[in-house]
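Order of the sequence lines sets the chain letters (A, B, ...), proteins ahead of strands, with each chain counted from 1.
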Amino acid sequence: MAKNTVFKVLKYTFLIMMAFLFLTPVYVIIVTSLKPLDEVSLAEMWTLPSTIDFTSYTQAFTELAPNFMNSIYLVIPATLISALLGAMNGYVLSKWRFKGSEIIFTVMLFGMFIPYQSILIPLIQFLRTIGLYNSITGLIFTHVVYGLPITTLMFRNFYANIPDSMIESAKIDGASFLSIFRRIIIPLSISGFVVVAIWQFTNIWNEFLFAVTITNSGSQPVMVALQNLSGSQIVQWNVQMAGALIAAMPTLLVYIILGKYFVRGLLAGSVKG
Amino acid sequence: MEQQVDMNKKVATKPHKKKKRITKDHLLAVSFLLPSFILILIFVYGFIGWTGWVSLSNWNTLVPDFSFAGLKNYIYLFGDYRFQADLRNTVFFTILFIGAVIVMGLLLSALIDSKIKGETFFRNVFLFPMALSFVVTGVVWQWLLNPSTGFNQFLEVFGIQPKWYTDTNILAGFEWGSIEFGLPVAIVAVVIAAVWQMTGFSLAMYLAGLRGIPEELREAARIDGASEFQIYRKVILPMLTPITVSVVIIMAHISLKIFDLIYAMTGSGANFVTDVPGVYMFETTFRGNYYANGSAIAIIMLLLVAVFIVPYLITNRRGDS
């Protein structure tokens with residue numbers, strides 16, 4: 001019994017210490033971003049602000065606002081289109097398998113793991129040729145294409161849970177491929193769409209490599225602008241922290257509100273699902 | 001294809017309503033999938049081929065030059081100080097990162113699964129960094145691990161002042177090619193930030209795995225007189241092996257292609273102590289216009305990832321059907 005109590009104390013001590021460690025960055029972001037400029041110094045990193053000052057937020061917001069909007073214009077269509085295509089592919093790959101469909105699926109899956117550096121140079125040449133380089137539309141297109149493997153995988157695994165007998169009896173009743181999709185599959189995929197949409201939203205919002213290479217100046221998404229903000233020597237530290245929080249807010253909010261679905265997406269993305 | 005032709009034939013000679021509908025539906029099914037598949041073929045496989053071709057060309061200026069250079073760019077890279085440093089850093093980053101993420105995930109999931117108070121709170125605290133961008137992580141940890149502030153202000157009490165990502169020491173180093181091979185101390189700082197962000201992934205995976213293990217199994221082991229620790233080691237850990245494999249593969253591919261975290265947090269570092277192929281590829285291609293060299297780096301990165309991913313995909317897909 002005594003041994004058990006000791007173990008319990010150790011367990012909670014460890015967990016609480018870890019929790020503190022994991023929350024330290026949040027503390028630093030919030031504390032620093034609320035400090036007035038004259039209190040932002042390396043020596044006083046951990047101290048609380050004497051007065052709460054929102055200047056760093058207004059300053060960071062004016063810097064990031066246009067890019068923040070770019071990210072919104074990017075993430076909404078890219079998420080919706082890639083989710084819809086994923087649902088279509090997943091439907092076929094789970095309920096209308098044909099000879100070779102499994103191979104097609106595996107071939108598509110590989111696209112999920114490639115380092116995007118290995119397609120970046122041709123992609124940029126291609127986008128230049130069709131006039132979509134340095135545009136949000138070009139980025140939307142890019143995220144839709146390279147999002148296909150993961151959305152297809154997620155929907156395929158999701159639809160695998162819908163019993164085949166349901167589809168079969170609908171077929172016997174004379175329902176066609178399209179009407180089964182519209183009347184049975186889509187209504188049953190609401191939570192699937194939520195999971196995939198959250199996953200895509202988070203990934204596209206947070207993505208940096210495509211963003212920094214395909215766009216410059218006017219059409220850059222918020223993560224590139226944040227990186228530029230922190231990279232420049234003149235921008236104060238409290239403004240950087242406020243900027244980081246502003247840029248992280250949408251995905252953080254999604255996680256806080258719909259965390260359950262976020263975790264489900266994370267698990268679904270691990271191939272087996 | 002043959003089958004479809006065959007079916008059409010039957011329909012033509014002996015009209016049968018049901019058969020005809022199935023054929024049309026199957027064509028529709030293929031037409032649903034085909035656009036995506038073609039996009040993947042072009043934009044993944046075609047473009048990889050294109051990059052491979054660029055990597056064998058002389059295009060190392062602003063103006064495209066597709067004249068054949070053979071393996072010149074690869075030979076250059078493997079003799080290059082910076083690229084050798086990148087390979088070294090990638091090896092140590094990958095090993096430390098995967099090891100730490102697995103250990104943290106196992107430990108935290110076991111504790112969270114042991115019917116604790118505040119389970120939801122702890123789970124969310126360890127999981128939320130997953131929702132952040134590597135850029136945000138990089139910006140914040142750059143300050144936390146800044147040698148003149150951050151954690152060092154606490155460590156001062158103990159009289160230790162690590163130089164974190166500004167440390168240029170190579171631990172247990174020995175001459176290898178043109179670099180010193182050994183653990184670059186600076187990479188540890190980047191690993192800490194990456195582990196902070198990705199522990200949630202392995203934690204969630206292991207938690208899902210633990211929840212899938214029936215309580216009767218532990219009960220049976222307990223009746224056989226096994227201690228909790230023994231149960232964990234002998235019963236539960238082996239059952240979690242498939243999850244560990246998935247975590248290792250997914251973390252390995254993230255670590256081999258890492259770019260944004262390092263770019264935002266430290267950059268290449270002095271003497272390239274925190275440089276990785278992803279950063280080198282970006283800088284040499286888009287800042288230096290060495291397109292052929294950049295392509296060669298990208299192809300090497302792809303091959304490194306493929307070593308992990310291809311066997312995983314093949315065995316995984318086989319087990320599926």
Within-4.5 Å side-chain heavy-atom neighbours: [X] and [Y]:
X: Ile48(B); Y: Ile119(A); result: yes
X: Leu15(A); Y: Phe126(B); result: yes
X: Leu123(A); Y: Phe47(B); result: yes
X: Met88(A); Y: Leu33(B); result: no
X: Pro25(A); Y: Leu144(B); result: yes
X: Val107(A); Y: Leu41(B); result: yes
X: Ile121(A); Y: Met281(B); result: yes
X: Ile114(A); Y: Leu302(B); result: yes

Report which part of [X] has an atom under 4.5 Å of a heavy atom belonging to chain B: side chain, backbone, both, or neither.
X: Phe141(A); result: side chain
X: Met241(A); result: side chain
X: Ile198(A); result: neither
X: Ile16(A); result: both

Tell me which of these, [options], has more heavy-atom pairs under 4.5 Å with chain A than the rest.
options: Glu228(B), Lys117(B), Gln142(B); value: Lys117(B)
options: Leu132(B), Val305(B), Leu39(B); value: Leu132(B)
options: Tyr291(B), Phe286(B), Phe121(B), Trp196(B); value: Trp196(B)
options: Ile116(B), Leu34(B), Val139(B); value: Ile116(B)
options: Ala131(B), Pro35(B), Ala298(B); value: Ala131(B)
options: Leu111(B), Ile300(B), Thr199(B); value: Leu111(B)

Approximate separation, where rounding is to 0.5 Å, of [X] [atom1] and [Y] [atom2]:
X: Phe113(A); Y: Tyr312(B); atom1: CZ; atom2: OH; result: 6.0 Å
X: Leu178(A); Y: Phe32(B); atom1: CG; atom2: CZ; result: 5.0 Å
X: Gln117(A); Y: Ser295(B); atom1: CD; atom2: OG; result: 11.5 Å
X: Lys99(A); Y: His26(B); atom1: NZ; atom2: NE2; result: 13.5 Å
X: Met45(A); Y: Asn152(B); atom1: CE; atom2: CG; result: 10.0 Å

Would you mind checking which part of [X] comes under 4.5 Å of any heavy atom in chain A, side chain (CB onward), backbone (N, CA, C, O), both or neither?
X: Phe122(B); value: side chain
X: Ser148(B); value: both
X: Leu107(B); value: side chain
X: Ala29(B); value: both
X: Met130(B); value: both

Counterpart residues, ring pair (Phe, Tyr, Trp, His ring centres under 6.0 Å), relative to Phe134(B) (two or more places apart): none
Toward chain B: residues of residues 254-263 of chain A with heavy atoms under 4.5 Å: Tyr255(A), Phe262(A), Val263(A)
Criterion side-chain contact (heavy atoms from CB on, under 4.5 Å) on Tyr263(B) and Phe208(A), from CA distance to verdict: CA-CA 10 Å; Tyr263(B) 189 72; Phe208(A) 183 68; 3.4 Å; yes
Does [X], at its [atom1] atom, have more than 12 non-hydrogen atoms belonging to other residues, nucleotides or ligands within less than 6.0 Å?
X: Ile103(A); atom1: CD1; value: no
X: Tyr27(A); atom1: OH; value: yes
X: Phe66(B); atom1: CZ; value: yes
X: Tyr290(B); atom1: OH; value: no

Which one wins on heavy-atom pair count under 4.5 Å against chain B: [options]?
options: Leu23(A), Leu85(A), Leu21(A); result: Leu23(A)
options: Trp205(A), Tyr91(A), Phe98(A); result: Phe98(A)
options: Thr142(A), Leu252(A), Thr152(A); result: Leu252(A)
options: Val28(A), Thr24(A), Ile104(A); result: Ile104(A)
options: Phe177(A), Tyr146(A), Phe14(A), Phe181(A); result: Phe177(A)
options: Val224(A), Thr202(A), Leu148(A), Val212(A); result: Leu148(A)

Within the 6.0 Å centroid threshold, strictly below: Trp46(A) and Phe154(B):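 Yes, the ring centres sit under 6.0 Å apart.
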side-chain contact (heavy atoms from CB on, under 4.5 Å) between Leu127(B) and Phe22(A), worked out: CA-CA 9 Å; Leu127(B) 270 168; Phe22(A) 267 73; over 6 Å; no
Evaluation steps, side-chain contact (heavy atoms from CB on, under 4.5 Å), between Val136(B) and Met223(A): CA-CA 8 Å; Val136(B) 171; Met223(A) 285 308 158; 4.1 Å; yes
Sequence neighbours excluded - side chain to side chain donor-acceptor pair (under 3.5 Å) pairs with any residue from residues 8-19 of chain A: Lys11(A)-Ser114(B)
Sequence neighbours excluded - side chain to side chain donor-acceptor pair (under 3.5 Å) pairs with any residue from residues 29-52 of chain B: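 The answer is Asn89(A)-Ser36(B), Gln125(A)-Trp50(B).
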Exam field: side chain Asp25(B) to backbone Ser176(A), donor-acceptor pair closer than 3.5 Å: no
Intermediate values then yes/no, side-chain contact (heavy atoms from CB on, under 4.5 Å), Trp143(B) and Ile29(A): CA-CA 10 Å; Trp143(B) 289 108; Ile29(A) 290 182; over 6 Å; no
Cation-pi check, Lys257(B) onto Tyr116(A) ring (under 6.0 Å, within 45° of axis):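 Yes, Lys257(B) and Tyr116(A) form such a contact.
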